[in-house]
Amino acid sequence: MAQTVASSLSLRQISRVGLGAPLLMMLMMGMIIVPMPPFMLDVLFSFNIALALVILLVTVYTRRPLDFAIFPTVLLITTLLRLALNVASTRVVLLEGHAGPDAAGQVIKAFGEFVVGGNYAVGIVVFMILVIINFVVITKGATRISEVSARFTLDAMPGKQMAIDADLNAGLINQDEARRRRAEISAEAEFYGSMDGASKFVRGDAIAGIMILVINIIGGLAIGILQHNLSFAIAARNYTLLTIGDGLVAQIPALLLSTGAGIIITRVSSSQDMSEQVMTQLFSNPKSLAVTAGVLGVMGVIPGMPNVAFLSLAAVCGYGAYFITRRQAQVLRAQTKAEAKPAAPENTDLSWDDVQPLDSVGLEVGYRLIPLVDKQQGGQLMPRIRGVRKKLSQELGFLIPAVHIRDNLDLAPSAYRISFMGVTVGEADVVPDRDLAINPGQVFGVVQGIETRDPAFGLEAFWIESAQRDQAQTFGYTVVDTNTVIATHLSQVIKTHAHELLGHEEVQHILDKLAKAAPKLVENLTPQTLSLGVIVKVMQNLLMEGVMIRDIRTIAETLAEHGGRSQDTDVLTAACRIALGRSIVQQINGLAPELPVISLDPMLEQLLHQTLQAGAGGEASIEPGLAERLHGALQKSAHAQEQIGQPAVLLVSAALRPMLARFVRHTIPVLQVLSYNEIPSDKQIKIVATVGQNTSVGHR
């Protein structure tokens, strides 16, 4: 026991200092160069067979191919070990073969005499059959699957990366999960690429086995007859049986490893190992066993057929079908009993409890979408929506209210509807049993499916079968499931209407939280300087213009500073935007040092200033003809910026910014309107277009 523990500790120490691989390579080199006694050959051949069995069973019980990511390296090392053993055994066979069948050890002798009955002709046939099975069937098929898997995995990487980005933007996953998925995609591509190369080693090993067999037989005959003066018959028997035994000892582990390679590259990632998948998928339907039992029973009663074998198998299949049917019925009865609930007593009296308040955010689904929200049926929409709420609450700066989900039989079976305070703000139809392939702007092929539009952004999309997912991702489509489609649409709607969800209670919670860190600031802000209603309106204005209110301290300090001079919410909103300028620009253009902007022609800007001054009560109305031409020019410039992947930003004076922001808010949502005061001092401005230049503008 102490010796075993000491040996285990020494192996761990060798592995820890990084000497395991060099020692293994030195051992293989020693097997090739240094003559080995028959006893060592027996030990190493037995170890080779045991190692092949262990690797095969690991591939069977592995749930995902990436759980055995080191398999290509193991395949290469075991192939080299087997070839080194072939060289060592060949030396012993040729040097000591004249002494008899046991000259190369008991393992080779057993395979040469017992396995093939001591008949070298039978041994050659068995060996060739094993080589053909290994080379033509298993290795060739595994190599082809490796090539196809590697190619499709690499082609599908862009689409998978975009799907991860879509889930991250929709709040379904966090940064850590996105990073883990990206690493898994890279590891998957490397694994299948390595398997593609490792399969070539196995294929070459099968060819080497045939060549070694022929060379050993010819060399053994020559050595036995010419050097040891053996008769042709004795030399042929001794050297051929030893060579066949050596070849069988090498080919059986090779066959096991080739089978393991085929299994692992044909596996689909699952939460079950191979045996569990076989039992679940192959024997889950009793009809297949029942029909098989009937066919075998008919064949068993035909005269001249092996009646006992067929009728026995028919009885086994029939009992299996009966057993599975009975077990499924028991499970169904248990589920029905668990779902059964006593009926609630009827209450005929009305009360204020019967007057239900409106839901801040509601989601109604048709009856075909109920499984998506039912946990007992494996629905994943509820966790997705919780992820959306969490992400938006962190981004926007206030708690997004809970989304109340209910079924609505008045809707189409596959339709859903999003409502705010009982008013519908978004709806769409989906296909529950299909995936949505979204065209992000540039794809390299066309997929077959139901043509539609992405509900969230209006992009061209197709509802495709799940089996087409990899193909669509290879073409460059972003492929998402129905849960993600609904969650992304809900996220976009909440972002657009966030200002409607922010009320007095939410703002009071925000101020109470700020008061714990800056009590004097909140004390000076409200109610001394500004009322809670004015603060609510300013924050609603910021959210309406797409400005996050996470930096509540800066907003509160700005309101406290300017609130004593003005109670106008538009003036206070503009002051807050200036204070948040760095955050606004970073949200639009990231950390880039240069901001591309669209400007107004000086004449057009002067004309708009005159229109603004002429407006009664600060409300300006642009002349319809001018408004139409201005809108067309801004839309064209914004579209040009969007086409080249740059943000569309209109830079105007502070006086014009509120008016133009309202002008383009709903018609050109991609266009951001900024004032000169909102640009940080360390940002460079690059004017990419001038609206109104060389354009005829006029007014009444």
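The model shown is predicted, which means the values in this text are computed figures rather than measured ones.
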Pairwise side-chain contact, Ile549 with Leu396, heavy-atom cut-off 4.5 Å (strictly under): no

Beyond-backbone contact of Leu542 with Thr573, side-chain heavy atoms, under 4.5 angstrom: yes

Validation row: Arg665, Met544 side chains within 4.5 angstrom (heavy atoms): yes

Main-chain N/O of Thr484 paired with Thr488 side-chain donor or acceptor, under 3.5 Å: yes

CA sep, side-chain torsions, deciding dist, call: Lys686, Val597, side-chain contact (heavy atoms from CB on, under 4.5 Å): CA-CA 6 Å; Lys686 178 183 178 182; Val597 299; over 6 Å; no

Euclidean distance, His639 NE2 relative to Gln635 CD, rounded to 0.5 Å: 9.0 Å

Electrostatic pair Asp481-Arg384, nearest N-O below 4.0 angstrom: yes

Heavy-atom side-chain contact between Arg657 and Glu545 under 4.5 Å: yes

Check: Tyr477 side chain, Val446 main-chain N or O, donor-acceptor pair, under 3.5 Å: no

Salt bridge Glu678-Arg582, side-chain N to carboxylate O under 4.0 Å: no

Main-chain N/O of Arg469 paired to Asp435 side chain as donor or acceptor, under 3.5 Å: no

Arg577 side chain reached by Leu580 side chain, heavy atoms, under 4.5 Å: no

Validation row: Leu392, Glu395 side chains within 4.5 angstrom (heavy atoms): yes

Note, Met548 side chain near Ser583 side chain (heavy atom, < 4.5 Å): no

Short side-chain donor-acceptor distance under 3.5 Å, Gln492 and His489: no

Polar side-chain atom of Thr424 near backbone of Arg417 as donor-acceptor pair, under 3.5 Å: no

With Glu465 via salt bridge (charged side-chain N to carboxylate O under 4.0 Å, His left out) - residues at least two apart: Arg434

Carboxylate-amine/guanidinium contact Arg179 Glu184, below 4.0 Å: no

Derivation of the side-chain contact (heavy atoms from CB on, under 4.5 Å) call for Val365 and Leu372: CA-CA 9 Å; Val365 297; Leu372 298 180; over 6 Å; no

Test item: Ser491 side-chain N/O and Ala487 main-chain N/O as donor-acceptor pair under 3.5 Å: no

Expected output: side-chain Gln540 to main-chain Leu502 donor-acceptor under 3.5 Å: yes

Test item: Glu506 side-chain N/O and Gly503 main-chain N/O as donor-acceptor pair under 3.5 Å: yes

Step-by-step side-chain contact (heavy atoms from CB on, under 4.5 Å) determination, Val403 to Arg389: CA-CA 9 Å; Val403 180; Arg389 288 184 60 217; 4.3 Å; yes

Heavy-atom check, side chain of Trp463 versus side chain of Val430, under 4.5 Å: yes

Full working for side-chain contact (heavy atoms from CB on, under 4.5 Å) between Thr452 and Phe462: CA-CA 6 Å; Thr452 184; Phe462 296 89; 5.9 Å; no

Nearest-0.5 Å distance, NZ of residue Lys495 to NE2 of residue His497: 13.5 Å

Straight-line distance of Ile588 CD1 to Leu674 CG, nearest 0.5 Å: 4.5 Å

Glu594 CD: over 12 foreign heavy atoms closer than 6.0 Å: yes

Heavy atoms from other residues, nucleotides or ligands near CD1 of Ile644 exceed 12 (cutoff 6.0 Å): yes

